[in-house]
Amino acid sequence: MTQVPESLTGIALLHNPRYNKSTAFTEEERDCYHLHGLLPASISTQGRQIERILENIRRKAYDIERYVFLSALQSRNERLFYRLLIDHVEEMLPLVYTPTVGQACQEFAHIFRETRGFYVTLQDKGRIYDILGNWPEADVRLIVITDGERILGLGDLGANGMGIPIGKLSLYSAFAGIPPEQCLPVMLDVGTNNETLRNDPLYLGLRRPRLGGADYLALVDEFVDAVQRRYPKALIQFEDFLTPNAYGLLNRYRKRVRCFNDDIQGTAAVALAGILAACRRVEKNFQDLTVLFLGAGSAATGMADLLQVAFMRCGLSEQAARQRLWFVDIDGLLVASRTDLAPHNRPFAHDAEPASFLEAINRLRPDVLIGASGAPNTFTEPVIRAMAAHQDLPIIFALSNPTSRAECTAESAYQWSDGRALFASGSPFAPVSMDGQTFYPGQGNNAYIFPGIGLGALVAAAETLSDDLFLTAAQALADSVSDQQLARGSVYPPLAELREVSVRIAIRVAERVYRERQLPIPDTLPEVIREAMFDPSY
Ligand code: NAD
């Protein structure tokens, strides 16, 4: 039983989300905490409370209403919220996270009820360390921060982007068991270039164009420095920054701060895991694959960077590894002769003739096609048919989020490949039945990776997060996919296994950290990890 602080009794206890059990307080607890009269007579179990919550959620007409309802539950009874999330992950994840969180961010200022998380604005320059002292917790271990400039595939949502750190940290507590009080969602509000938002009377962020350049970097530097002084054990996860900033900040801090960028590194590990699992099904060696990306932003480039490391770990030279990785962006195939490429694109711009997307598929005959363009319906029928013409079992991942941005639907992928595609998407798609067969599309959801990475890195006190930690996590995730799951078309394990998968990843990541630090791996590591996890049962 969670120890309720002595001073917390009566209505104050019922209003405290960490300790509140509402109708599940026992007779003895009602005596002890002065709760008689404040609760109806019948004493519920947590399971009975979940039944009631589910009934309420399912009765609602729209997912956004379900999101609001779940946020209210989180603010009222934390343990019930997390128990629900863990026990009903397939139903709850799309509500608490993508795709519904996308709409929640778009409407953040309109559905806002009470504040959650921490806001750092450019007006806080020079006092970030001090104002962090206003946060009520002294032992923060995990920080997810966004500046809201590229929320999912939805663009600049300014301070509305706070929904993302809140959602991600909920997943950390549910699936990696990081206690909620150790989690800090942060919105770095530097303005927004989204004029619609700035003109919305209910908008809650700074109404000014975004800060950029050296002043922006100085503010992030100050924040990172303040965190390291206030919370020296904390891991910082950067989330949904615009690509140049995402890379700029990652490269600025990765060698000296315990941090990572989930859009670049987390996504990369999820994609790599899906490819590694798919290799078993298509019976090909990973190092023989050719991969074509649609989209050349932070997500796709992050995947290519990690795939390159993975190819090199299989013995390929850097040059040979890059030759297996090709990109098409909005202007066609990335080739060396193009003059419009960003620095992160250069290493993958090969000496080749320019080509359209379809021409590139027919020329390269890729084994794997990955969409991370944010451009919906770009995997057209001719595209999928071309993939299927060149490969017996084409590996096709449409990873753009939310669902409305997916490069194609699961149904299209199966239909146009005559049921041969090994398909995965970023946001969930329902199983598809075709010609008497049912396909279960995998969901390349970062939620498979970041909780385990974070937990493993924290347990082993990683000083920084190397590429090899992400390779390790990807392999651990791929190993969690059973042959039966692969045979049904899934390159990821069921979401229902998320907590167990996260633990397995955390163990392997922590082991890797110990090896990197040349420290002995504790014999009891799995038990230590499992026992340290927050358990939301009463
Ligand atoms: P970004 O804006 O940095 O990059 C987008 C890229 O797509 C650019 O290179 C652009 O040229 C290209 N592009 C845009 N429209 C195109 C078109 N019609 N045809 C070809 N290329 C086109 O964005 P990002 O951060 O790389 O994210 C891209 C998408 O990936 C988003 O939708 C995001 O939700 C998704 N994503 C998914 C996951 C996941 O599923 N695990 C994780 C992170 C990001």
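Predicted, not measured: the structure shown is a model, and the values here were computed from it. All residue numbers in this chain count up from 1 along the given sequence. Atoms within a ligand are numbered from 1 in the order they appear, just like the ligands themselves.
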Rounded distance (nearest 0.5 Å) linking atom CG of N193 with atom CG of L197: 10.5 Å
Derivation of the salt bridge (charged side-chain N to carboxylate O under 4.0 Å, His left out) call for R363 and E359: CA-CA 6 Å; R363 192 192 296 166; E359 286 165 351; 5.4 Å; no
Distance-only polar pair, side chains of E407 and S400, donor-acceptor under 3.5 Å: yes
Residue contacts for ligand 1, heavy atom to ligand atom, distance under 4.0 Å: R150, L152, G153, T243, T267, L294, G295, A296, G297, S298, A299, D329, I330, A372, S373, G374, A375, T378, L399, S400, N401, G426, G444, N446
Ring geometry between Y414 and F423 (parallel below 30°, tilted from 30 to 60°, perpendicular above 60°): perpendicular
S480 side, atom OG; R508 side, atom CZ - distance, nearest 0.5 Å: 7.5 Å
Side-chain donor/acceptor of S417 to backbone N/O of R420, under 3.5 Å: yes
